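In what follows, a structure is listed as structure tokens, so that the remarks can point back to it.
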Protein chains: 2
Amino acid sequence: MSELPFADHDHDHCASGVLDHADKLAEEKGLRLTPVRRAALEILLTGHRAMGAYEVLEQLNAKGFGNQPPVAYRALDFLVDNGLAHRVQRLNAFTACTQPDRHHRPVFLICRDCEQVAEADARDVQDTLSASADRAGFVIERVNVEVLGLCPTCKGKAS
Amino acid sequence: MSELPFADHDHDHCASGVLDHADKLAEEKGLRLTPVRRAALEILLTGHRAMGAYEVLEQLNAKGFGNQPPVAYRALDFLVDNGLAHRVQRLNAFTACTQPDRHHRPVFLICRDCEQVAEADARDVQDTLSASADRAGFVIERVNVEVLGLCPTCKGKAS
DNA sequence: TTTCCAGTTGTTATGTTATTACACGTTACA
DNA sequence: TGTAACGTGTAATAACATAACAACTGGAAA
């Protein structure tokens, strides 16, 4: 967890960077980053927070796409499968991956006050987990680590 | 993760042990382990796997309790709040805590094949996580670690 | 004892999240 | 150019979860 995930930053810059990367990735791997899918990613990036599928759906519909749940779920599933977004189980929500260029194992820090979700790269946590699972003979395929608490900002406000 | 969570064991013995502990805990802490709540715990223990709230509800109803969702959710929430059960986010399901006597930070190993859920105590994982969160200035309140993969048994079958 | 209150249970109704199934169109490629 | 795989759209429904309120229970205060 090398970075301060809740730190201020330039949303537009980080968003366009991710989109650029997504385009590149699509070309390299032959992924089909179709209009709906790209739009869904843009929506997540613009929202810059965890968004529910129905919220994304609404915005997709406003952009001229379908308005039935599968439209959103399919696009979001595609993004998740290809590492461009993550699912936050605790919130039944999705976030754009902020570091899609690094093969990372994300850990989510969820602030219960402001509801912001920060994505941290906690390789050491995952390594510890892998070692433990190996010992138990369990084959890890996907890992989901979610931490609920207070972000630095809200922690300050509370005290 | 000191134990082999998928290892064979005596269900009845482990179940009655947990129930005994729950009774003791209730007395010590003044918790009201009412009939519905105790029944819900029994159901989870008997099922010995992650169960959905509606599945528990059905069985509660069969035992003469109400048949509306809040009946199950309230009992399950009570158990979770008091460390007698856990919620598995990934499955929208609940499991009885198998080690309620230890103040542990559970990690769930979910087999995608047989759908069994093992609860492991991964203190080292949690310690690593705590250290990282501290560095980021994030105050941890609850942690949820869920691992999806193949248990030793299903791993064997697959190959 | 009686009154009151907090907590528990039950029910109705509704809100939220997610999937199944099928029709139709598009793309890639033999 | 046929066809198989994939993508999109829609309708219908399943699965999960909560809000709001009435009735009861058990114990503490008067």
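This one's a predicted model, so the numbers in the text were calculated from it and none came from an experiment. Every chain is numbered from 1, with letters handed out A, B, ... down the list of sequences.
- Checking the phosphate oxygens (OP1, OP2) of D:dA17, a side-chain nitrogen or oxygen of B:N92 falls inside 4.0 Å.
- Residue A:Y54 holds its OH atom at 13.0 Å from CG of A:L60, rounded to the nearest 0.5 Å.
- In this structure, CE of B:M51 is placed 15 Å from P of D:dA15, rounded to the nearest angstrom.
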Side chains of residues 73-86 of chain A: which donor-acceptor partners sit under 3.5 Å, not counting sequence neighbours?
from, atom 1, to, atom 2, distance (Å)
A:N82, ND2, A:F78, O, 2.8
A:H86, NE2, A:E119, OE2, 3.0

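- A distance of 11.5 Å separates CD in B:Q89 from CZ in A:R87, rounded to the nearest 0.5 Å.
- Atoms CG and OG1, on A:L44 and A:T98 in that order, are 12.0 Å from each other to the nearest 0.5 Å.
- Taking atom CZ of residue B:F65 and atom P of nucleotide D:dC24, one finds them 18 Å apart after rounding to whole Å.
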Name each donor-acceptor pair under 3.5 Å that joins a side chain in residues 25-40 of chain B to protein atoms two or more places apart or in another chain, with its distance.
from, atom 1, to, atom 2, distance (Å)
B:R37, NH1, B:R32, O, 2.8
B:R38, NE, B:D23, OD1, 3.0
B:R38, NH1, B:E42, OE2, 3.1
B:R38, NH2, B:D23, OD2, 2.7

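- Rounded to the nearest 0.5 Å, atoms CD (A:E115) and SG (A:C151) are 11.5 Å apart.
- Residues of residues 25-44 of chain B that place a heavy atom closer than 4.0 Å to DNA chain C, in numerical order, are B:R32, B:T34, B:V36, B:R37.
- Side-chain atoms of A:E146 never come within 3.5 Å of backbone atoms of A:I110 as a donor-acceptor pair (strictly under, hydrogens ignored).
- Near DNA chain C, defined here as any heavy-atom distance below 4.0 Å, the residues from residues 66-81 of chain A are A:P69, A:P70, A:Y73, listed numerically.
- Residue A:N61 contributes atom CG, which lies 10 Å from atom P of D:dG9 at whole-angstrom precision.
- In this structure, the separation between CG on B:L45 and CG on B:L19 is 5.5 Å, given to the nearest 0.5 Å.
- A 4.5 Å side-chain heavy-atom check between A:F108 and A:V147 finds every atom pair outside the cut-off.
- Here the range on DNA chain C touched by chain A, meaning any atom under 4.0 Å from one of its heavy atoms, is C:dT17 to C:dT27.
- Regarding B:E58, its CD atom lies at a distance of 11 Å from the P atom of D:dA15, rounded to whole Å.
- Here salt bridge (charged side-chain N to carboxylate O under 4.0 Å, His left out) pairs that include residues 50-62 of chain A, with residues two or more places apart or in two chains, are A:R49-A:E55.
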